[in-house]
Structures are given as structure tokens and as C-alpha cells.
Amino acid sequence: MDLFEYQGKELLRKYGVPVPEGRVASTPEEAVAAARKLGGRVVVKAQVLIGGRGKAGGIKVARSPEEAGEVTDQILGMDVRGHTVKRVLVERAGDITDEYYCSFLVDRSERQFLGIMSAEGGVDIEEVAANDPEKITRVHIDPLLGISQFHARELVFGADIDRDARKEAIAILPKLYDAFVSLDASLVEVNPLVLTGEGRVMALDAKVSVDDSAGYRHPIFDELKTVHEVPEQERLAKEKGLTFIKLDGDVGIIGNGAGLVMSTLDVVKAAGGDPANFLDVGGGAGADVLSSALEVITSNSEVNSVLINIFGGITRGDLVAEGIIDALGRLEIKVPIVVRLDGTNAEQGRKMLADAPHEMLVTAATMLEGAEKAVELAGKGGE
Amino acid sequence: MDLFEYQGKELLRKYGVPVPEGRVASTPEEAVAAARKLGGRVVVKAQVLIGGRGKAGGIKVARSPEEAGEVTDQILGMDVRGHTVKRVLVERAGDITDEYYCSFLVDRSERQFLGIMSAEGGVDIEEVAANDPEKITRVHIDPLLGISQFHARELVFGADIDRDARKEAIAILPKLYDAFVSLDASLVEVNPLVLTGEGRVMALDAKVSVDDSAGYRHPIFDELKTVHEVPEQERLAKEKGLTFIKLDGDVGIIGNGAGLVMSTLDVVKAAGGDPANFLDVGGGAGADVLSSALEVITSNSEVNSVLINIFGGITRGDLVAEGIIDALGRLEIKVPIVVRLDGTNAEQGRKMLADAPHEMLVTAATMLEGAEKAVELAGKGGE
Amino acid sequence: MAILIGNDTRLLVQGLTGREGSFHGLRNKKYGTNLVAGVTPGKGGSDVEGVPIFDTVREATTATGANTSMVFVPPPVAADAILESHDAGIEVIIAITEGIPAMDMARTVTHLRRGQRAAALIGPNCPGVISPGKANVGIIPGEVCTEGPVGLVSRSGTLTYQIVYELTQEGIGQSTCVGVGGDPIPGSDFIDVLERFEKDDLTKLVVLVGEIGGDAEERAAAWVKENMRTPVVAYIAGFTAPPGKRMGHAGAIVSGSQGTAAAKKEALEAAGIRVATNPTEVSAIVGELL
Amino acid sequence: MAILIGNDTRLLVQGLTGREGSFHGLRNKKYGTNLVAGVTPGKGGSDVEGVPIFDTVREATTATGANTSMVFVPPPVAADAILESHDAGIEVIIAITEGIPAMDMARTVTHLRRGQRAAALIGPNCPGVISPGKANVGIIPGEVCTEGPVGLVSRSGTLTYQIVYELTQEGIGQSTCVGVGGDPIPGSDFIDVLERFEKDDLTKLVVLVGEIGGDAEERAAAWVKENMRTPVVAYIAGFTAPPGKRMGHAGAIVSGSQGTAAAKKEALEAAGIRVATNPTEVSAIVGELL
């Protein structure tokens, strides 16, 4: 789960990382009140889970509480690369002498943690990595040993951080690392980490991603999640235990296992079709799950056919058939459903489907045949 | 530094290890007050840094505050194998269903930590180890990984702890380990760990040894140390940066480096003498340290001769000589001082001594010659 | 021969008394796997359909000579279970459990890989390992597999079954099929498994099944080029997958790869590996090369 | 040859700008040791009598090719300094610092020994290593040593000088003298060093200097019996030492040894090792055996 800037900063503050004083606001009135409390100049920042808000006009300085209200009014509702702004962070503005980049993340290849630091902060770090790779310092950290002072020194001296900022930066890095580990984060990225006019070092932005699997030991994750908005269809799917992502085509896809579903999308595409979604019923799905999946898929009016591609492992073919039959009886399904069923209890399932004929039900012997049929039928439905 | 039982228990309590409620008392009156506060039956336990207090009569049950005062009066001042009892721990008495043994310590050979558990608690564990080694379960713990639940389970199931005590024991072991590591302890030993009549598991005794080297990050060590009494001569030596242990012979020994001093004791013994002490001036000792060392040694009236055996590395022979000359001038030294000097600046030192003759000053060319002379002179002095 | 598991496997299941653990453990046993023990703390002395249960892995290995463990315990205690097996000397640990926090795995995998005694950890969040006709440890449906010369290693579950099924349909058997799982920090990656296949007498060709994300396929491609004589055929799922959301930019800096299916295909082909465009084509190419 | 340090040693000193670090570092340089760098965070760019100072060990190794580090920093930062050298690829780390907490060393030594790349750590709380005529890293007075065929390994400092001095007096030179230090968790113990001496061409005989406490001598005795062809002569200090206070009983259970000088002597002699009764006798026995 990605966290909003203001959420990430609140957490980092708990681990002793200095962040600017600020308050979140979801109306201009709240922004005015926040700016009044903070006093002086403030920065109003759009809270969205995507980069590029600065270029989109989502960050504005205000010299008075009234102005803070005005710019908040402009920012709220703004679209930043497909994300609608629902909240702003109102922060005390400060003088900035220099900007750096730093992050901690999991390096999957090395199966270690990685600290990254650069004196080139406040800019697109991927560009720095591409154009001036020597300006980026990486230090691996053994997960069992954890961070030592020398790691922090290697990052700070290696990145050639200004002399004035070194001591504080070296002190902050272990706190950031501590937050990274203690929060079960997969990423803690501060860009920029700034040196202020008063000679302080602080995190001016924060991108924190946490590991949902660790939610059981972080009750706060549920709380943070409440402000995360997901599209209605996705939310519904999630409630039913399904992984669903909407796409732009007209062939609805249901499968079990992310790899098989991705492969199904690929063969549908290769057969000349356009998948309408990604939907993984997961392992060991029962009849109710299949039935719900069909409900979610067919609620999309753009869908002209559905391909159900199940290879049973834990998932049982008989239960899959039961779910399909249930959905066909329960819902008013107006598009053809192509079913391809193999693996555990597949024979039994295929027999159940054969025994319950339905005008919209089509069976396929193989995955490729299923894809071809679904694409063909979608084409007809679309005409 | 070894801690008194009551100190160890107070620390363990901070890490969540259940211990009986209790108070320390250094007078019968304090013990009466403590027993009154606790209510009911209490146990009064001599606080000494040595085992065997039970057999020596240093643990007594009292049914009333008055009785607690009486037994405290008996216990205070008692001698337990050379240790005088200055304090007692007054604890609430409870029913005990069973007694176990457990400890965490550094296993030097394996350079790992070791957890030890036995269902045979409350007895001399060394005897159990010798007679019934299969009744002792050992589990190594990687210092970087730390304790996992499985380590606790292996100890508890391995030692075949009663079913009723298992769950709590498994929960307590990680806390004990946490205390062991967080306190920079070299040993945390609980003998016995008990199962009470109410089905609770708690530490009825606690032997905690902490690493003096880690004192800089544990301000509490200084506080704990205030009640540790050391013999006057040792305390004086320590103040001067010397490591001093009194022995029973008449040949005073001064050397640099524990190994060399031990070796010096051995050769003196082999030459037929009896060392009066162990005194290590440490590395890089200056003139003042040498002078103080001579002062400490010669303040022991049983000393009939002194052997100074210095092999200079960081320690400089000229400064050693300067210290000896200073002491000979400053103190009224009535016993012969045999000096053997080699290593860094030894020649210079030997020359300085030759240039400052003193009736009590004797030089030796080798360590063996020094030992022989010192023993011979002590023999004469003793006659 | 086969790799990781086979006729010498003496399996213990951590969590054999649980619903899923007993279902799959007994299913593996039925397949012919030598299931010798189960471990559930506090249930030592009982049994699951004749398979003895022990309180600790150490007791189980001492009593039964178990050398392989399947982990079927819930996520909060799964890392502990893996460490316990390793500590007790188990040689192959196959962790099926899904949803273990990455921090737990980072510590666990580091410990296992740095130890003086290396244990092979497969998973977590994986379908397991099957050496057809010899042993099946995990949830791969044994009936789709058949004995033969093709090794298979995959990050995916059901997609593995699909490809194995296609191979079997074409009469091409498998030496061992290994699902390494899709977690951020797997116990074994493609290279760890390829290394074993390269040394295995039975394996004449290896199928590598990848998917979008990370750079495991790219690294495997480079490794194959440098180290492998056994031919490799690959399949990558996810050409049509929606671009994954990602926040922050550190990830891409690290791997230097965009993690797309196209990038992976390119890397594999650059290493001389043929990449099938769909699961059916995998078996066609394998048939051609064998 | 010699072990650990020699003509190929390129030394960096962590803490070269400190009082003791500069005194001994420069003394080692004067002896002929190739001192190439110092490391003091924040003082990068300066120098100590012409020896360049760097902010980090990594910078120092990159710039100077340093392969050996001497640690002379205060106890609270010493474990960090050792880890830094290891992480930067230093092969031999010699830690003189006394008073490093045992917990720090437990973690550090575990990390060093478990790593894919093993670094030799000597110390902490040790006098260092000297390969007479080649290099001296530490505080052993070079002038008492002379080049020759005897390797020496010792837990003690000044006692080492005494014995080396006795050997030199008898005209018996040393290949390398190693002080492993007296801390509870040493980076290297007798066995680690004996293993190196056994493989060293120059070393024809090894003197082992032990003292009371622990069971390092007993374990070394067993190891020598099993693995060593090079003759070993031992000396143990502490026959007359007062019995150490100890609290709790766990320690004795662990080692199974009382740790007395007599017990050590017995173990060594049982392994066929001659044990001298005083430092002078060491050189007599060595002279006899060479």
C-alpha cells in the first residue's frame, strides 16, 4: 500500500525524522485554519499517489491564510495524471539551501536492503541515474546486521553532501532506516531531503510504501487505508477476495492464479481480442467466488464475451462448474461465457456443465481454443 | 560486574519477566516495614555475590513482619563463604509446584549465544550436568538473528517442562533473552524458574552479570555499582587504574599485562616463593602509576620483598624507572625491590636506576633471575 | 536423479494438523512421497492418519530422519517455522504459505544463505516441487505430470500446471518442476534452481516460466549464457498486463530494468534462449529441441 | 611467506588522526610497514605526516588499494569501524582497541564469519601482528623480534613480547607473531591462526601461549592433534593465579572445562604438545626441536 505524503511524514516523524510542521485539509476552510495555526508563509501540496503534481500545478505557496484557502480551492478536485486531488497538505514554508535525494528499499536481486543517496535532489532521480549515474551512491545493508553508522557515512560522504548538512544527514539516515524496517515498508523515499537556511536537515517530501502482508502487526495500516479510494468495481471485487483490474477491451477474463490470468490476457490479445479486465479468483476458490467473479465482470457493459480459464490445483473443477451454473441461473447474463476447465476434478466439472446447458455457455477444450472462441464471440456481440 | 539478586530481578522485571514482589532491606526495621507492605508470609534472602547462601542459613521464611525482622537480624552480618551479608531481599512467599533452570550466556567457543534449560531446577546445575547431562537442553542462538519462538520451544519442549508451565515459559524465554542482550549481560541465569500453585511461571532467583565495557551506554551500571563493596586495597588500586588482587604470600608482584603478571606469579612460585598479590599496571603506564603501584603493594605489611617485572611495549622503561625512583624517594620503603626491565626504552630505564642507587633497590637481568632474587630476599626478610 | 526431492525425500510437514496442511500433506503422501512426520507445537505424541506429530522439528528429525520440510503454517509464524527447520538440519525447505511479510523473509533468507550449512529454501508463496513418479511436495496436481527429461522452473502456480499439462499431453515428461514463488524475496530464484538442473543427469532441457516485474528473468538469462550447457526454453506471461502502479523511483534505479515482458523476452533471446508466445508453443519448441 | 601480514600488506589505520593511532601507525610505518592511508570521518583530504586521510574506508581502499586495516578508534565506534573495513573489502582487520562490549563483538564476529567473503579479524583487545622484517601492525615492539622459522600465537600481550624476546636472545627468529587478544569473543582464536601457520612455508614450528580461563587451549589441543604436522610448543600462564570469581554455573556447563592452567596443560600434553614451565624454557624446547 502506497501512503499519501502526509501519512508518510506523520510516520517518519514518529521515528525522529525531522519533517516540516503541517496539517492536512480537505476543504479551503480547513486550509485557512491550518495556515492560521502554522503562521507565516505556507506551502499547499496536493495529496495524490502519483508523481508529477508539481508540474500539474498541485503545489503552491501562500503568504496568508486567505491565500492558502484560495490555492486550496484551486488544487482540490484537480486531476493529476488520472488521480483526483481530495486533500492538501498545508505546511510551514522555509528557506531551502540545498536539496538531496535518499531512499531505502528492498533490493530483490541481492536479497538485501539498499540505501540510495544523491546530492541531486528535488529532481527526477531516474533521470539522474540515467544521465549521471556517478552522482548516485548505493550502499547495501544486510537485513540481519541492520544499519551501522558507517553505512550512513558511506552514503553521505559518497554522495558528497555539503559539509554543513553532513552531520545531521548522517544522524537522520539511521532513523529513516529504522522507520523503513519497523513499518514493514518496501520503500521509504525522501526527495528532496533539504538543508534549510537555518542549517537544519529535514524531509520535505516522503513516499512510503508498506507491505500489506505485515498489516496484522500494524493496526495503523487499516486506519491509513480508510482514505484510499479505489474504483467501485475494484472495491467490490476485493470484498469478494478477487484481484481485479479494469482494462479497456471487451473480452472479460476470469482465471485462477496471476500468471495464468496474465497468460490468458496475452493469448486473447494474440487471437485479435482486447481484454476487458484482469481477474484472478486466487487459489482454492469455491462456487460462490466464481459466481461473484462472473457478476463483477458482467456488470461492465462494455464486455461482449467472457473467457473463464481455470486450471485446477487447489481450485476444484466441480466447484468452478457449480459457481458458473449458479451465476447463469442467478444473473441475467447476456454475453457468451466461454469456459475452459482442466486440472483437479475438471472432468467432473465439465460433466456438470454439459448436464446444465445454457444458451450463453460455450466450452473449449484448450486455452487457445477458448481464447479464439471468446474473441470471435466478442466480435459478433460488438457488431 | 555481577549484580545482586535484587538488582537483577529489578532489571528483569523491566523486560517483562515476572518476579515475586519484594523489597530490599539493610536493617531489621526496614525488613519489618517491607514485610508489612507485602503482607502475608515472606521470604528473607541474604544478598551476596556468591552461591550457597541457602545451606549457610541465608534464606528464611517469616510468617509475620516481626518474624521478618527477627530473621533479618540473624542474616545480616552473616558470613557466606567469605562474603558478609549487608542486605536482605524480603519477598512475598508463594506456593511452588515445580522448579526449573534456565539461562542465557555467551558461548565463547561457538561465538554464539546459548540458551540452557532444565526441568531440574533449584539444585546445583553443574551436578545435573555431570550426572544427568541428558536432562539439560542447550540451544544456540545466532547473535544477529536473535531469539525466535522456535528457540524457546526447543528449550521448553526439549527440557520436558510440565505441560502446565509450557506456554508461559515459552513466552518468558524471549523476554529473558531480550534482557540478556539489551543489558549487555554476559549471563542471565534463573535458578529456579518456578511454576506457582496458581499456574504462573516466574523467576524466583536471578543471577545477572553485565559487561563493564558496555557501561558507557548503561548509565544505570554506575548506580548498581554503588552497593558493591570491594576491599580497601583493591578499591585504591582501581582508582589508580591498576588491577589488583590480594593473595596470601609475602612476595609483592608488579607487572604489565595480565599474562606476564600471571607468568611472574608462576615463576615466583616455582622459585619457592609465595606471591602476595596480583598487580597489573596495564598498558602504557606512566611514572605516577608505577609509583602508586609500589605504594599499594608496600602498604601490605606481610610483603617482605617486591618483584617488578616490566616488559615494555606501549609501556616505556624510562617512565617505569622514573616511577620507581619517585616511590623510593617519596615512601619509606623497608623491603627490597627487585626490578627487571626489558623492551621499549628499557636500557634508558636501567641506566636511570643505576644512576639513582638506593639500598632497597636490586636489579635483575632476566625474569627468572628476578624471581629467584625476590624469593631469596623475602626469605631473609621473613626470618 | 531429479533435483531437490526424489526417492530419498523424507518429508515432514510443519502444520500437518491444520486443515490445509493435512489435506495437501496426505495428498502428497498418497502420491508416493515418503511422509514421515508432522510438527505442531503442543500436539507432539498424536498422529494424523498414522503420521506421527512432534512438538519441534528437532525432535521430528531425530526420531524420523526427515530431511525435507513443507511449511504450511500461517504467515505470522511461517518465517519462524522455516528458521526452525534450517536450525534442525533440514536440507530442503518448501514453504507454501502465502502472505509472509517481506521483512521476515529478508531476515530469514539472509540467515539461510549466510549459514555455514546451506539449506535450499523454495518459496514462500509457491506451489511447491514435484519430481514426477518420485515425490510431490506442495500443491502441484500430480496427475498432470509425468516422468521425463524436462526440468521446469516457474514464478507462477497455475501457469506452471498449464505448461506441465501441455508437455504431458505431448508425451514429454518432467524430471522436476519447481515453483519458486512470486514473493519479493524468494528463498531460491531462477538461478539457484537452474544451477541444480545443470548438474542433474536426468534433466536434458529446462523450461523457464517468468512473468512481468523485477529482473529475475534478465539475471537468469545472463547466467544461462555464461554457465549452462543444458538448453533452456522460456515463456513470459504479461505482455498485455496493465502497467503496474508504482510510487517513488528507486525501484527502477536498482534493477536498471523496466521489468516488462518485452524487456525480459529481449534479454532471454539475447542469451540464445527461445521464448514461446503461448503455453502451447512451449511444448512445441521443447518437442523440437529434445 | 609469513601469515596475515607481510611485504604485500597495504595498511590503512582507522583512527590515524588520534593520539594513539598516529603514534603506533607511524611507528609501524617506520618499521617498514607499507602504511598507505588513514580513515577519520570528516577529516578526508588532510594527511598525517604525508599519509592521506579519507572519510570512509571505501574511499581509502579505492584510492590506495589498502588491503589491511588497523583499528585504533574508541570502543563505542570500534565495532562499526571493523564492519566498515569488512564491507569495503579489507582482507585482514587488526583491532587493537580494548573495551569493546561483547554484544557488539558477538554481532560483528558473526557477520564476518558468516559472510560470503571471509575477512580475517585479529583482536580486538590485542597487541597486533608482526611478521619480522616485513611488516608490523599493532603495538608489538619490533625491536625484540627477528626473522625466522617460528610462528607464535598468544592470548596475551606483554607475555608475548617476553617469549619473543627469549627466542630472539637464543637466536631463534619468528615468521609471524599473532596476538589474538583476550576478549570473550575474539575475531580469531588459536585454531584460526594455527590453520594459517600449518599452511605457511616459512613456519617450521609454532609456539602457542595460553592462559587460564575459557577452553580455547583445550580446543586448540584437539585441533592440533587432528590436523597439524608442524610441531607445536606451548606455554600456559596462571598456575598460581587466584581462582577467578564466578557467579552462576552456566559457564562451566558450556565448556565442560574448569579453565585452569593445569587442565589446559594436561589437554595439550595429551595431544602430544610439550608445555614449557616458564618463558625461558619455551626457547629451550624450541631450540631443541628445530
Side-chain angles (χ1 to χ4, degrees), chain A residues 98 100 102 104-105 107-119 132-178 181-182 195 199 201, chain D residues 12 14-15 17 37-46 52-63 66 69 71 73-90 93 95 97 100-101 103-119 121:
Chain A
D98 214 335
Y100 319 115
C102 76
F104 288 102
L105 71 159
D107 180 352
R108 295 175 178 216
S109 316
E110 298 292 327
R111 287 176 263 205
Q112 294 212 357
F113 300 144
L114 185 65
I116 302 180
M117 187 140 207
S118 175
D132 299 296
E134 79 289 351
K135 290 198 171 156
I136 291 180
T137 299
R138 295 146 207 243
V139 173
H140 276 107
I141 298 170
D142 181 295
L144 285 176
L145 187 65
I147 198 166
S148 280
Q149 279 294 321
F150 85 83
H151 292 115
R153 290 197 304 266
E154 281 191 2
L155 285 166
V156 168
F157 285 110
D160 209 11
I161 300 301
D162 308 74
R163 189 168 284 271
D164 293 346
R166 276 183 200 163
K167 205 178 154 194
E168 283 201 34
I170 289 172
I172 286 173
L173 290 182
K175 292 173 183 170
L176 268 181
Y177 177 87
D178 185 20
V181 171
S182 305
L195 173 62
V201 174
Chain D
L12 81 75
Q14 293 176 268
T17 58
V39 171
T40 303
K43 297 203 176 161
S46 66
I53 303 297
F54 298 87
D55 290 315
T56 66
V57 174
R58 200 175 292 278
E59 286 170 13
T61 54
T62 305
S69 169
V71 175
V73 300
V77 294
D80 183 68
I82 293 168
L83 291 168
E84 179 175 4
S85 270
H86 174 251
D87 205 60
I90 292 285
I93 304 168
T97 307
I100 306 179
M103 285 291 160
D104 291 5
M105 288 316 299
R107 291 168 46 81
T108 302
V109 170
T110 301
H111 184 71
L112 265 62
R113 291 171 73 88
R114 296 288 168 82
Q116 269 104 348
R117 193 177 41 70
L121 170 65

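Computation of the quantities below employed the complete heavy-atom set of this structure, encompassing side-chain atoms and omitting hydrogens, waters and symmetry-equivalent molecules. In what follows, chains are A, B, ... by sequence order, proteins preceding strands, each numbered from 1.
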Student: Rounded to the nearest 0.5 Å, how far apart are CG of D/Asp87 and NE2 of A/His151?
Tutor: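 These two atoms lie 5.0 Å from each other.
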
Student: What heavy-atom pair brings A/Phe150 and D/Asp80 nearest, and what distance separates the two atoms?
Tutor: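 Of all heavy-atom pairs spanning A/Phe150 and D/Asp80, the closest is N-OD1, 3.0 Å.
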
Student: Distance check, rounded to the nearest 0.5 Å: A/Phe157 atom CZ versus D/Arg58 atom CZ?
Tutor: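 Reported to 0.5 Å precision, the distance equals 14.5 Å.
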
Student: Let me know if D/Glu84 has heavy atoms under 4.5 Å from chain A in its side chain, its backbone, both or neither.
Tutor: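 Both parts, backbone and side chain.
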
Student: Testing the basics here: between A/Asp142 and D/His111, what is the closest heavy-atom pair and its distance to 0.1 Å?
Tutor: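 Between these two residues, the closest heavy atoms are OD2-CE1, 3.5 Å.
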
Student: So which heavy atom on A/Arg153 is nearest to which on D/Thr56, and how close?
Tutor: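 Of all heavy-atom pairs spanning A/Arg153 and D/Thr56, the closest is O-CG2, 4.0 Å.
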
